[in-house]
Student: 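Here it is, the structure in full.
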Amino acid sequence: MKVLVIGGDGYCGWATSLYLSSRGHDVTIVDSLARRAWDRELGLDSLVPIASTRRRIDEWSRVTGRTIRFEELDVTDYAPLCRVVRENAPDAVVHFGQQRSAPFSMIDRDHSVRTHINNTVGNMNVLWALHENAPSAHLVKLGTMGEYGTPNIDVEEGFITIEHNGRSDTLPYPKQPGSFYHLTKVSDSDQIFFACRVWGLSATDLNQGVVYGTSTEQTALSPALVNRFDYDHVFGTVLNRFCVQAALSHPLTVYGRGGQTRSFLDIRDTVRCIEIALEHPAKRGEYRVFNQFTEMFAVKELAERVTRVAREHGLACGIAHLANPRVEREEHYYNCVNTNLRSLGLEPTPLSDATIAGLIGLAREHIDRVDARLIPPRVTWRAEETPPDASAVA
Ligand code: NAD
Ligand code: USQ
């Protein structure tokens, strides 16, 4: 398949591009390198040093003999995007290319608006570019489990059948996003569903949970192929952060009571999920949603698990319950359905102690690169007037 991977220089996108290339697909990465610029702006860096995009693509070619093409462009810039879509005539477009940090989107008005313009205009441009240039290409779009929030009923895959006043319909599942970033994903889903209904595009919206890990079979082939590993308070996701904190013997930063439960998956399953979606494309006019995760964990459960593994490896490790900078429920019902990808062949990789130990070990190897000032959360969701128990209604 000819596949455009938008956001292919990022954490999920890089691992996916290499995986798809290794499986014989013809991959072109489209990336603005915005993420590298946001890191510089905020004084952040990947724990593990990553090579420049050109360098890592050349290395992939040297090591495997396979070619990945690279187009440096911002998908909010429509004309170049159309050119790339026309020239490549892709069978599929995988769209990872967005600002994906919830804290980034909550820093201030400027970062909120930049997130919205980048994500919402970018997504709309991708839809228009496909409509005008490649209407039969399959769009595989990265959404997020956080679109749903934490309702007191089971979370279905995108749609729910509702009976109301004696009538019944299957409708988009209600959304209660937890940040301005997550809100952009809700808007994307509405845009994509609309484009499928009205123009007959075909799309798979992958509502992905929190990803952990960093290495895949392909990124491990050479030091110049390694993937980014974020541990900072803006882009670091919770389990990756906890493993770096454990390596430093820094108390694990559980926000609030830690009963907040989320969906998770290993990055090795991310790449496989994308492949499964590509191999089983949506039909023309079809908009479908797959919940892309393998397991659900409460934050405090993860902290306890990382603490235990760290101690077994001789590290002093404790847990700190910090005042929650976010407005979110800290104890709640959470049960999400994830049957679509499994029924198409996903064999989940459960979180193992070995994976946790491996991440702690990786952090120890690069411990001199850790800036401990980037660990405590600094971005808050809370206005001065936010009542202390606001999470109860969030
Ligand atoms: P990332 O920040 O590592 O990578 C995103 C990439 O997209 C970067 O290389 C960036 O330069 C590029 N990009 C951003 N805006 C762009 C634009 N306008 N035009 C072109 N390129 C652009 O993020 P990630 O962790 O790899 O996440 C990828 C996608 O998966 C995101 O859409 C994110 O919302 C989603 N997702 C991520 C996670 C996670 O835990 N990392 C979980 C669920 C969903
Ligand atoms: N948390 C802590 N301590 C920390 C960091 C986070 O307790 O040090 C808590 C947060 O309060 C939250 C949970 O852990 O309740 C998850 O936070 P996170 O930063 O790991 O993940 P989140 O902000 O939800 O965002 C990440 C990705 C985003 C993706 C999302 C998937 O950055 O791109 O969309 O995971 S999901 O959560 O399913 O929406």
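Numbers here are sequence positions counted from 1. Counting starts at 1 for both ligands and their atoms, following the listed order.
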Student: Of F293, Y181, F96, which has the heavy atom at the shortest distance from atom 29 (C) of ligand 1?
Tutor: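 Shortest heavy-atom distance from atom 29 (C) of ligand 1: F96.
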Student: Are side-chain N/O atoms of T339 and E157 paired as donor and acceptor at under 3.5 Å?
Tutor: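 Side chains of T339 and E157: pair found under 3.5 Å.
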Student: Could an N or O of ligand 2 be found under 3.5 Å from any N or O of S263, whether backbone or side chain?
Tutor: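 By distance alone, the answer is no.
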Student: Do R369 and P49 have side chains that approach each other closer than 4.5 Å (heavy atoms only, starting at C-beta)?
Tutor: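 R369 reaches P49 side chain to side chain.
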Student: Can E147 be said to touch ligand 2, with heavy atoms closer than 4.0 Å?
Tutor: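 The answer is no: ligand 2 sits nowhere under 4.0 Å from a heavy atom of E147.
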Student: For H111, which residues count as a ring pair (Phe, Tyr, Trp, His ring centres under 6.0 Å) partner, sequence neighbours excluded?
Tutor: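 If we apply the ring pair (Phe, Tyr, Trp, His ring centres under 6.0 Å) test to H111, skipping adjacent residues, the hits are F104.
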Student: Taking 4.0 Å as the limit for heavy-atom contacts, which would you say applies to F235 with ligand 1: side chain only, backbone only, both, or neither?
Tutor: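 Within the 4.0 Å criterion, F235 makes no contact with ligand 1.
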Student: Under 3.5 Å between some N or O of ligand 2 and some N or O of Q245?
Tutor: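 Q245 vs ligand 2: no N/O contact under 3.5 Å.
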Student: I want to know if ligand 2 touches T253 in the polar sense, i.e. an N/O pair below 3.5 angstrom.
Tutor: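 Yes - when backbone and side-chain N and O of T253 are compared with those of ligand 2, one distance drops under 3.5 Å.
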Student: Among protein heavy atoms, which lies nearest atom 42 (C) of ligand 1, and at what distance?
Tutor: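 Answer for atom 42 (C) of ligand 1: G209 O, 3.0 Å.
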Student: For atom 14 (O) of ligand 2, find the nearest protein heavy atom and state the residue, atom name and distance (0.1 Å precision).
Tutor: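 I find the closest protein heavy atom is V299 CG2, 3.4 Å.
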Student: Which protein heavy atom lies closest to atom 33 (C) of ligand 1, and at what distance to 0.1 Å?
Tutor: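 The closest heavy atom on the protein side is R100 CB, 3.4 Å.
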Student: Under a 3.5 Å threshold, yes or no: a donor from one side chain and an acceptor from the other, between D230 and Y11?
Tutor: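 Y11 and D230 do not have a side-chain donor-acceptor pair below 3.5 Å.
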